[in-house]
Amino acid sequence: MTIFKYEMKQLKSTVLIWSFSLFLVILSILPVYIGMMSSADTMVLEGFGDNPLLEAMGVTLDVIATPLGTYAFLTFYVFLACAINGMNMGLKMITKEYMQKTADFIFTKPHSRGKVFFSKALAILVSALIIGLAYSLGSWIGMVIGAGSDYNFLVMTQIAFSIVFIQLIFAALGLFAGIIFPHIRAPLLVATAVAFVSYVIGSFSNKMGYTALTYLSPYHYFTSAEIIKTGSYELRFLVLSALLVFVLLGISYYIFRKKDIVIDA
Amino acid sequence: MSVKAIEVQELAKYYGKQCGIENVSFTVEKGEIYGFIGPNGAGKTTTIRTLLALIHPTSGSASIFGKDCIREAETIAADVGYLPTEINYYENMSALELLQYTAALYKINAVNRISELAGKFNLDLKRKISSLSYGNKKKVGIIASLLHQPKLLILDEPTSGLDPLVQQTFIDILKEENKKGMTVLFSSHVLSDVQKVCNRVAILKEGHVIDVQNISELREKGFKKVELNLIESAPAELFEFAGMADFKQSNNQVSFIFHGDLNLIVEKIALLKLNDIFIEEPTLEEIFFHYYQ
């Protein structure tokens, strides 16, 4: 717990900034967009129809005109930000020990590498949950202001909580990348690049109809259109997400246990 | 047979094809202060990092208090303090926070120990790590390594960056803790430091332990540094015999380090006409240098 507590302390400002930002952004924008979309005429909606993001999301115009559709549309942008944050958290968790040259300090204490690794992973999980909760709270208040009771709370919560899964998948990827390349000097840059590439792959695959490629883009594991239509996550993608996180963590842990700690001079 | 503090057997570590250490074997008895000397690149740090399970050996084995260094690294770490060559800590922490975190990692309450050691080193605990000089960071490192009163303290170039007064304080603390039973592995290329505190010393060269000696034996073994001021120059061949090292001749000045039967050298000198003669004990640095010829 000592390492977990320390890591939480280290992540405190990041989590607070992300939580407050997402809370305030969705709270302030959602009612405005819901108001705009519900009162929009056909021309405005058709204008939205040109937005390539809708195609990437698999959302149709009639869905986006609803409060939940509007919310889903906005959340898709948040996905990208959360992917960057998740990947950055994961990468930094490992690379900071090498870049600050503190690896010798932490890895010579009476805590196995497994304990260190999973304490760090747990800190990321809790951080992602806190950010997810803040976003859900902001979403709920925004939805009440914008749509009153004219929405499905469970569906909204599921869409909101997608950002937790997105963060976790990218964080697991970040941890894995951090263990393979522990001397990355600019984790945020790498995180942004990976998140964008994955985003572009997803958009491209959806537009071109290459469904196999969709699996390379975790954004599409939580398509809001499907959640709105069925009222739940797509089971295959939920299982795939969990599998991805566990496999990445498992491989990372395996490599991490055996890896030499080499600090660059 | 009593359990050794450290037991290393034919330890080897290769980085790809490059040899870090090879066939390194030595044992450190409990309660001993054991020196580890060699120039940069001799393999001292590689050996230490293997003992601490920071790197994995290619072959061979190493154990601390009878426990395998790799498999039982977590258990061993509770009894081991480590001071690395380069001191790097979390820059945003104060010295006190860092030491408290260290104590928490060892699951101990070290409030008194922190203030006691900080007092001895005259260290301001409120200052941020980022604002500390290298010497003060080293003090934090020393305190962090001694915090949990380890049974074994592993020091890698511990005195670099410390002024002579602090070095003396540190050596006094080492001797004090050693009297209480703490074993020390003291790695350094500052041989005068090793000379001050160690009982035995392993000499490393190019990844191999080339000798293990008692410090007193090493000094008493007959190493002599001889400087001759001659009236008439002597033929260099006169000094061509076993045991000679670092031979220098310039005009009528001759100097060398000798290791062997002193009567032999006295016989040779008796053949010469001298202005002056100096025979002294070479420093450990000079003896050490002799090994690397």
Side-chain angles (χ1 to χ4, degrees), chain A residues 1-17 89 92-120 122-123 178-180 182-183 185 187 252-265, chain B residues 13-16 20 40 45-46 48-58 69-93 97-108 129-130 137 140-141 144-145 147-148 150 152-154 156:
Chain A
M1 283 307 272
T2 309
I3 297 168
F4 167 73
K5 279 185 204 162
Y6 167 75
E7 293 300 347
M8 284 309 298
K9 208 172 161 188
Q10 291 291 297
L11 282 168
K12 191 171 72 182
S13 53
T14 305
V15 173
L16 281 176
I17 290 168
M89 280 198 294
K92 257 173 106 172
M93 266 304 170
I94 304 297
T95 59
K96 69 177 180 183
E97 304 289 1
Y98 288 80
M99 299 325 292
Q100 294 179 132
K101 299 178 180 175
T102 47
D104 281 8
F105 171 80
I106 196 75
F107 295 121
T108 52
K109 299 295 175 285
H111 296 266
S112 65
R113 291 204 189 173
K115 269 188 206 164
V116 174
F117 179 77
F118 287 111
S119 298
K120 284 171 178 282
L122 185 63
I179 281 163
I180 303 291
H183 296 101
R185 287 180 190 276
S252 303
Y253 167 62
Y254 181 78
I255 298 169
F256 190 57
R257 269 177 60 221
K258 310 237 168 197
K259 199 174 171 80
D260 287 349
I261 307 291
V262 179
I263 306 287
D264 281 351
Chain B
K13 175 68 185 175
Y14 287 89
Y15 299 98
N40 291 335
T45 302
T46 301
I48 286 175
R49 293 180 76 78
T50 311
L51 288 173
L52 294 162
L54 288 169
I55 56 176
H56 296 72
T58 310
C69 285
I70 302 298
R71 285 197 303 271
E72 297 172 87
E74 187 184 354
T75 321
I76 290 170
D79 293 328
V80 176
Y82 171 52
L83 179 70
T85 319
E86 293 286 326
I87 300 291
N88 292 291
Y89 291 132
Y90 305 100
E91 299 273 306
N92 56 347
M93 278 184 167
E97 284 170 336
L98 190 278
L99 293 171
Q100 284 170 338
Y101 182 40
T102 308
L105 288 169
Y106 284 110
K107 301 185 182 95
I108 53 164
I129 297 287
S130 56
K137 277 186 194 171
V140 176
S145 68
L147 214 55
H148 57 300
L152 170 67
L153 183 62
I154 297 178
D156 197 357

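So you know, we letter chains A, B, ... as the sequences are listed, proteins then strands, and number each from 1.
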Check your understanding: Do A/Phe256 and A/Phe107 make the cut of ring centroids closer than 6.0 angstrom?
Key -> yes
Exercise for review: Using non-hydrogen atoms and a 4.5 Å limit, figure out which bit of A/Lys96 sits close to chain B: side chain, backbone, both or neither.
Suggested key: neither
**Study point:** Side-chain donor or acceptor of B/Thr58 paired with backbone N/O of B/Tyr14 under 3.5 Å
**Key:** yes
Review point. Side chain, backbone, both or neither: which part of B/Asn92 has a heavy atom under 4.5 Å from chain A?
Key: side chain
Check your understanding: Parallel, tilted or perpendicular for A/Tyr253 and A/Phe118, by the 30°/60° rule?
Key -> tilted
Review point. Counting heavy-atom pairs under 4.5 Å to chain A, which of B/Ile76, B/Leu105, B/Ile154 comes out on top?
Key: B/Leu105
Review point. Is chain A contacted by the side chain of B/Ala73, its backbone, both, or neither, given a heavy-atom distance below 4.5 Å?
Key: neither
Check your understanding: Counting only heavy atoms not in A/Lys92, do more than 12 fall under 6.0 Å of its NZ?
Key -> no
Review point. Non-hydrogen atoms of chain A under 4.5 Å away: do they reach the side chain of B/Tyr82, the backbone, both or neither?
Key: side chain
Check your understanding: More than 12 non-hydrogen atoms from neighbouring residues, nucleotides or ligands closer than 6.0 Å to OH on B/Tyr15, yes or no?
Key -> yes
